[in-house]
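Since the structure comes first, as structure tokens, the remarks are kept for the end.
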Amino acid sequence: MLFGKHYPAQETLQVEGLPVICHLQRSKRKSLALHVRYEGVEIRAPLHISTSDALRFVEKHHQWLTRKLDERRKRAAECLSLQDGGQIHYKARTLRVYLENAEKPAVVIESERMIIRGPAITANKAERVLKHWLLEQAKSWLPARTRALADYLGVNHKLANVVFRKTRSKWGHCTAKGIIQYNWLIMLAPDGVIDYMICHEVCHLLHMNHSPQYWQSVSRVCPDYQRYVGWLKKHEHQLWF
Ligand SMILES: [Zn+2]
């Protein structure tokens with residue numbers, strides 16, 4: 001039996017200036033604590049805490065909460081999600097993902113939507129459909145452009161093969177034997193970034209290092225390469241799935 005006023009175990013509160021709902025959760029605990037969750041803020045409180053005391057506690061930590069919520073929103077917004085209604089960064093645009101049941105697997109870009117189709121489609125199946133789609137794009141785009149640039153730079157004879165692999169750490173790689181490897185996820189990046197990647201790898205056929213001479217060759221082919229290096233640094237985490 002509790003003494004004094006008996007408060008409900010759970011309450012939802014709207015706090016002025018906070019963009020989310022606060023869920024007040026009373027339990028047999030001794031102190032107040034705040035937790036930022038995807039669905040809102042959770043206030044964990046002892047059983048005897050009144051609603052107004054809980055509100056005062058939230059208000060006291062208003063700044064901290066706002067900062068936490070901002071961080072969370074930013075991270076969530078940047079995360080690629082192949083769930084229905086999720087988002088994907090494609091060619092520097094943010095598209096909403098729509099999963100659609102269809103007999104034939106396909107990916108269709110329609111205004112601000114990326115529609116991923118397939119039989120009994122789920123997020124997992126959508127991943128396979130999208131992988132296949134990106135790999136097909138990579139195959140039709142990257143080898144031809146790689147060969148053309150190698151030809152232009154007079155190193156076509158050094159280019160043994162162009163292969164594709166999804167690696168965690170790299171967008172491209174050029175081996176000493178002249179095999180250029182691309183991560184097909186790069187097809188999600190803007191065309192300028194893709195061209196820079198091609199330039200980066202093909203210039204390794206001239207210089208097998210990142211020496212000043214190597215970067216000179218890169219800048220002759222791709223004068224604003226630093227912009228693309230910067231873009232990758234800032235955005236590459238958005239392209240992974
Ligand atoms: Zn390199």
Side-chain angles (χ1 to χ4, degrees), residues 74-82 86-95 97 107 109 114 116 126-241:
K74 217 172 147 199
R75 267 206 306 272
E78 288 188 349
C79 214
L80 186 155
S81 163
L82 289 183
Q87 59 185 9
I88 186 159
H89 301 274
Y90 181 66
K91 309 283 181 203
R93 289 160 66 203
T94 303
L95 304 177
V97 173
V107 176
I109 312 278
M114 177 182 272
I116 306 177
E127 204 177 303
R128 288 203 293 275
V129 174
L130 184 61
K131 177 194 165 171
H132 180 78
W133 186 69
L134 290 171
L135 190 58
E136 287 306 304
Q137 279 191 39
K139 281 180 183 166
S140 71
W141 187 251
L142 298 174
R145 286 181 79 81
T146 301
R147 293 218 173 269
L149 183 60
D151 199 35
Y152 173 75
L153 293 175
V155 285
N156 214 350
H157 61 284
K158 288 193 190 175
L159 177 60
N161 203 359
V162 178
V163 296
F164 303 97
R165 193 187 280 173
K166 182 181 170 191
T167 50
R168 254 287 160 201
S169 52
K170 278 180 184 161
W171 292 109
H173 181 59
C174 179
T175 72
K177 286 186 173 153
I179 297 167
I180 290 182
Q181 178 187 299
Y182 293 113
N183 183 338
W184 45 264
L185 275 174
I186 198 71
M187 299 314 288
L188 288 170
D191 293 345
V193 174
I194 298 172
D195 277 347
Y196 157 69
M197 273 311 304
I198 296 169
C199 167
H200 184 113
E201 299 314 331
V202 173
C203 282
H204 277 314
L205 296 172
L206 290 166
H207 308 277
M208 267 301 165
N209 49 44
H210 292 121
S211 61
Q213 290 91 324
Y214 164 80
W215 286 111
Q216 243 169 44
S217 307
V218 170
S219 73
R220 268 198 292 273
V221 180
C222 182
D224 46 359
Y225 74 92
Q226 271 164 333
R227 219 180 106 201
Y228 302 121
V229 173
W231 191 94
L232 275 172
K233 266 204 193 112
K234 198 166 161 207
H235 298 284
E236 61 184 357
H237 67 283
Q238 300 171 339
L239 306 180
W240 291 96
F241 67 85

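Each residue takes its place number in the sequence, starting with 1. Both ligands and their constituent atoms are indexed starting at 1 by order of listing. What you see is a predicted model, and the numbers here were worked out from it, not measured in a lab.
- Ring to ring, Trp171 and Phe164 are not that close: their centroids are 6.0 angstrom or more apart.
- Legend: salt bridge (Lys or Arg N to Asp or Glu O under 4.0 Å) pairs involving residues 187-198, not counting sequence neighbours, sorted by first then second residue: Lys91-Asp191, Arg145-Asp195.
- Within the protein, the number of N/O/S atoms found under 2.8 Å from the Zn ion (ligand 1) is 3.
- Side-chain contact check for His204 and His210: at least one donor-acceptor pair (N or O, by modelled atom type) lies under 3.5 Å.
- The ring-ring contact (aromatic ring centres under 6.0 Å, His included) check on His207 picks up nothing, with sequence neighbours excluded.
- Checked against side chain to side chain donor-acceptor pair (under 3.5 Å), Lys139 has no partners two or more places apart in sequence or in another chain.
- Taking the six-membered ring for Trp and the full ring otherwise, Trp215 and His200 have centroids separated by under 6.0 Å.
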